[in-house]
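To keep things clear, I will list the structure first and then write my remarks on it.
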Amino acid sequence: MTVVTRFAPSPTGFLHIGGARTALFNYLFARHHGGKFLLRIEDTDRKRSTDEAIAAILHGMKWLNLDWNDGTTYQSQNVDRHREVVELLIAEGKAYRCYCTPEELAAMRESTKFSGGSTRVYDGRWRDREPAEAPADIKPVVRIKMPLDGETTIHDLVQGNVTKANDTLDDFIILRSDGTPTYMLAVVIDDHDMGVTHAIRGDDHLNNAFRQHHLFTACGWQPPDYAHIPLIHGTDGAKLSKRHGALGVDAYEEMGILPEAMCNYLLRLGWSHGDDEIISREQAVEWFDLGNVGRSPARFDMNKLTNLNAHYLKVATPERLAAIILSDTEVVGKNLSTDAERRLIEGMPGLASRANNTRELIDSSYFYILNNPIPMNGKALSMLADSTARETLKALAELLQKATSWNEIKLDRMVRDFAECRDLKLGKIAQPLRAALTGSHVSPSIFEIMAVLGRDETLARLENSAN
RNA sequence: GUCCCCAUCGUCUAGAGGCCUAGGACACCACCCUUUCAAGGUGGAGACACGGGUUCGAACCCCGUUGGGGACGCCA
């Protein structure tokens with residue numbers, strides 16, 4: 001049997017961290033087993049679903065490089081099939097119409113709270129009532145008959161065996177009074193129709209698994225294997241919600257996080273492979289299994305994400321990073337040097353090892369991509385305001401003019417010798433030089449920079465600042 | 001309130017009864033390197049929630065307590 005997993009987000013908002021990890025796990029599990037990974041948009045609640053949310057989810061999936069099979073399924077397109085199954089269930093006496101009003105339901109909720117607070121709210125009052133008693137002015141919902149006694153055990157691939165008494169489950173609604181299917185019904189039918197073999201989803205669905213189990217049984221189908229993965233919590237330990245900085249993955253993209261860093265981080269949140277921390281997509285596919293998914297919730301830690309991101313920045317190709325910088329909206333409008341791309345690529349090792357994210361990378365790369373004269377920050381300005389510093393730079397420029405070759409090692413030697421001759425500490429020269437070349441007091445190695453900039457550009461910038 | 005789940009350094013985790021004086025990573029501290037800032041290197045501090053069992057032996061198994069989380073919608 002080939003493995004089929006699915007990610008089934010509801011399009012009511014962005015693709016958040018937790019959803020992204022669920023998608024990742026489903027993807028990895030399917031790929032590991034050479035099976036299929038499906039995407040199904042759970043839009044049965046048309047009122048709350050938006051096109052923007054769908055676009056955000058699709059975008060997030062693509063950004064994370066989680067490709068899915070067989071196109072995108074929209075649950076709302078299967079309503080006819082959903083209704084058909086409901087009719088069948090009614091005909092077989094496994095489901096029934098319920099004419100309770102919302103007010104009656106609210107009253108039931110109140111009374112269960114007083115009488116001990118049972119999980120079972122609906123009292124089943126229409127379960128065995130004659131259809132002839134139905135009030136004509138009320139549009140009924142359809143409820144599924146749940147077993148009245150006994151217990152049900154789910155063999156969860158992550159949580160182990162979980163058992164629940166059947167009398168804690170009430171007859172839940174499968175078809176709304178407006179004739180639309182509920183989530184509970186739609187997942188079951190669609191999972192069956194799509195041949196889903198493994199349902200990997202958030203822990204918050206664990207209780208639903210029991211309801212769905214009985215719905216599957218009523219339909220005469222085999223439920224998929226379940227794997228309920230723990231939720232991701234905020235730094236404070238509470239459920240990740242919009243209030244707790246549960247940002248969409250697009251927000252991290254904007255922060256300058258690389259998708260592979262995000263995937264690596266998410267993977268290690270709740271799953272482990274010994275002491276391995278840096279795990280490529282290929283290794284993840286090879287290693288991933290449900291047995292090593294932890295059972296306790298994890299807290300989101302920006303520090304670790306940042307650290308991972310810094311790592312992936314260091315190993316990314318200069319060409320790729322240069323392209324990211326050059327296509328950034330903040331950079332695009334600027335008056336760039338014709339030499340910008342070459343400089344970026346050559347200077348990238350020095351730049352990338354100092355950045356935590358692409359935003360920092362961009363900020364630190366302006367001195368390479370901009371034309372002379374480059375903007376100066378306050379500290380650079382004050383360093384260059386010193387007249388002896390400027391004298392030194394002028395003398396250095398004269399020396400550099402005579403350089404017979406122009407590379408990092410040679411420049412290093414020349415500047416050091418120059419400092420020694422003048423009985424100056426290297427820093428006395430390096431800092432004004434840095435200010436002149438980069439407009440900043442912080443940068444990669446100035447020798448590397450001079451080499452990348454080239455003789456003409458270096459001298460031009462020195463000239464600019466020394467006078 | 002009822003039901004379900006969970007519990008190792010601050011955080012993510014390794015750990016499947018003796019390999020544990022509990023390992024790694026992030027963060028933190030110190031030192032080294034050093035033209036700035038990073039990176040890198042070395043070292044340090046830091047945890048088995050508590051109480052009972054079971055066993056020759058328990059972080060690991062069982063029970064309880066406490067703590068945390070989740071679910072109780074004509075949302076998904």
Side-chain angles (χ1 to χ4, degrees), chain A residues 8-12 42-45 47-49 75 98 100 102 105-106 109 112-121 139-143 154 156 159-160 162-165 168-170 172-178 180 182-184 186-187 202-210 228 230-231 233 235 237-239 265 268-278 291-292 294-308 310 314 349-356 360 364 379 412 415-416 419 425-431 433-435 438 440-447:
Chain A
S10 62
T12 52
E42 308 249 314
D43 56 349
T44 49
D45 186 1
K47 290 180 287 267
R48 303 207 316 158
S49 304
Q75 193 157 59
C98 164
C100 284
L105 254 13
R109 245 188 295 282
T112 47
K113 211 167 255 177
F114 278 116
S115 64
S118 154
T119 326
R120 186 172 198 155
V121 173
K139 284 191 162 247
V141 298
V142 177
R143 290 180 184 270
I154 299 286
D156 193 277
Q159 306 292 343
V162 184
T163 301
K164 200 171 165 64
T168 62
L169 272 16
D170 58 9
F172 59 92
I173 296 173
I174 55 178
L175 202 68
R176 301 189 187 101
S177 54
D178 65 0
T180 59
T182 61
Y183 156 81
M184 212 63 86
V187 245
D203 218 353
D204 49 345
H205 283 288
L206 185 54
N207 285 295
N208 292 336
F210 294 95
H228 290 94
L231 268 16
H233 289 167
T235 323
K239 186 190 182 182
Y265 177 70
R268 282 290 288 105
L269 213 53
W271 177 86
S272 63
H273 184 268
D275 285 339
D276 292 304
E277 296 286 348
I278 305 291
N292 286 317
R295 293 194 289 174
S296 51
R299 297 186 189 206
F300 181 78
D301 181 14
M302 192 64 200
N303 274 331
K304 193 142 184 175
L305 209 208
T306 301
N307 175 269
L308 243 13
K314 269 173 236 150
L351 256 22
S353 68
R354 288 167 172 77
N356 286 318
E360 289 182 13
S364 69
K379 285 194 177 167
D412 187 315
V415 176
R416 277 178 207 279
K425 289 193 123 180
L426 186 54
K428 281 287 180 197
I429 294 182
Q431 281 306 88
L433 182 55
R434 186 186 318 282
T438 70
S440 169
H441 56 111
V442 175
S443 83
S445 157
I446 48 169
F447 308 121

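Order of the sequence lines sets the chain letters (A, B, ...), proteins ahead of strands, with each chain counted from 1.
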Any chance you could lay out the side chain to side chain donor-acceptor pair (under 3.5 Å) test for D203(A) and H228(A), step after step, and finish with the verdict? CA-CA 5 Å; D203(A) 218 353; H228(A) 290 94; 5.8 Å; no

Would a distance-only check, ignoring hydrogens and angles, find a side-chain to backbone donor-acceptor pair under 3.5 Å from D170(A) to V121(A)? yes

Give C98(A) one of three labels, base, sugar-phosphate or nothing, depending on what nucleic acid heavy atoms sit under 4.0 Å from its own. nothing

Counting only side-chain heavy atoms from C-beta out, which of A76(B), C5(B), C37(B) sits nearest to V442(A)? C37(B)

For a quick check, with a 4.0 angstrom heavy-atom cut-off, what is the B/S/- contact string for nucleotides 6-13 of chain B, read 5' to 3'? SS---SBS

Counting any heavy atom closer than 4.0 Å, what does K314(A) reach on the DNA or RNA strands: base, sugar-phosphate only, or nothing? sugar-phosphate

Going by purine N1 to pyrimidine N3 plus the second Watson-Crick contact, or the G-U wobble pair, all under 3.5 Å, which nucleotide sits opposite G64(B)? C50(B)

Touch class at under 4.0 angstrom, heavy-atom based, for V121(A) against every strand present: sugar-phosphate

Select base, sugar-phosphate, or nothing to describe what T306(A) touches, counting heavy atoms under 4.0 Å on all strands. nothing

L169(A) CG - C4(B) P separation (whole Å): 11 Å

Any side-chain N or O of N207(A) less than 4.0 Å from the OP1 or OP2 oxygen of C5(B)? no

Does any nucleotide pair with C20(B) by Watson-Crick or G-U wobble geometry, both distances under 3.5 Å, and what is it? none

Would you mind pulling out the nucleotide paired to A45(B), Watson-Crick or G-U wobble, both distances under 3.5 Å? none

T182(A) (side chain) donor-acceptor with L175(A) (main chain) under 3.5 angstrom: no

Given 3.5 Å as the limit, does a donor-acceptor pair link the side chain of D43(A) with the main chain of Q75(A), or not? yes

Is A38(B) paired to anything, Watson-Crick or G-U wobble with both distances less than 3.5 Å, and if yes, which nucleotide? none

Paired nucleotide for A25(B) [Watson-Crick or G-U wobble; both distances under 3.5 Å]: U11(B)

Are any of T44(A)'s side-chain N or O atoms less than 4.0 Å away from OP1 or OP2 of A76(B)? yes

Side-chain donor or acceptor of S440(A) paired with backbone N/O of V442(A) under 3.5 Å: yes

Using a 4.0 Å heavy-atom cut-off, does H228(A) contact any base of the nucleic acid, only the sugar-phosphate backbone, or nothing at all? nothing

H441(A) and Q431(A): which non-hydrogen atoms are nearest, and at how many Å? O-NE2, 3.5 Å

Atom pairs under 3.5 Å: protein N/O with N/O of nucleotides 33-35 of chain B:
unit_1, atom_1, unit_2, atom_2, d
U35(B), OP1, R416(A), NH1, 3.0
U35(B), O2, R434(A), NH2, 2.3
U35(B), O4, S445(A), OG, 2.9

Under 3.5 Å, N/O pairs linking protein and nucleotides 43-45 of chain B:
none

Tell me, do F210(A) and T168(A) make a side-chain contact under 4.5 Å, heavy atoms counted? no

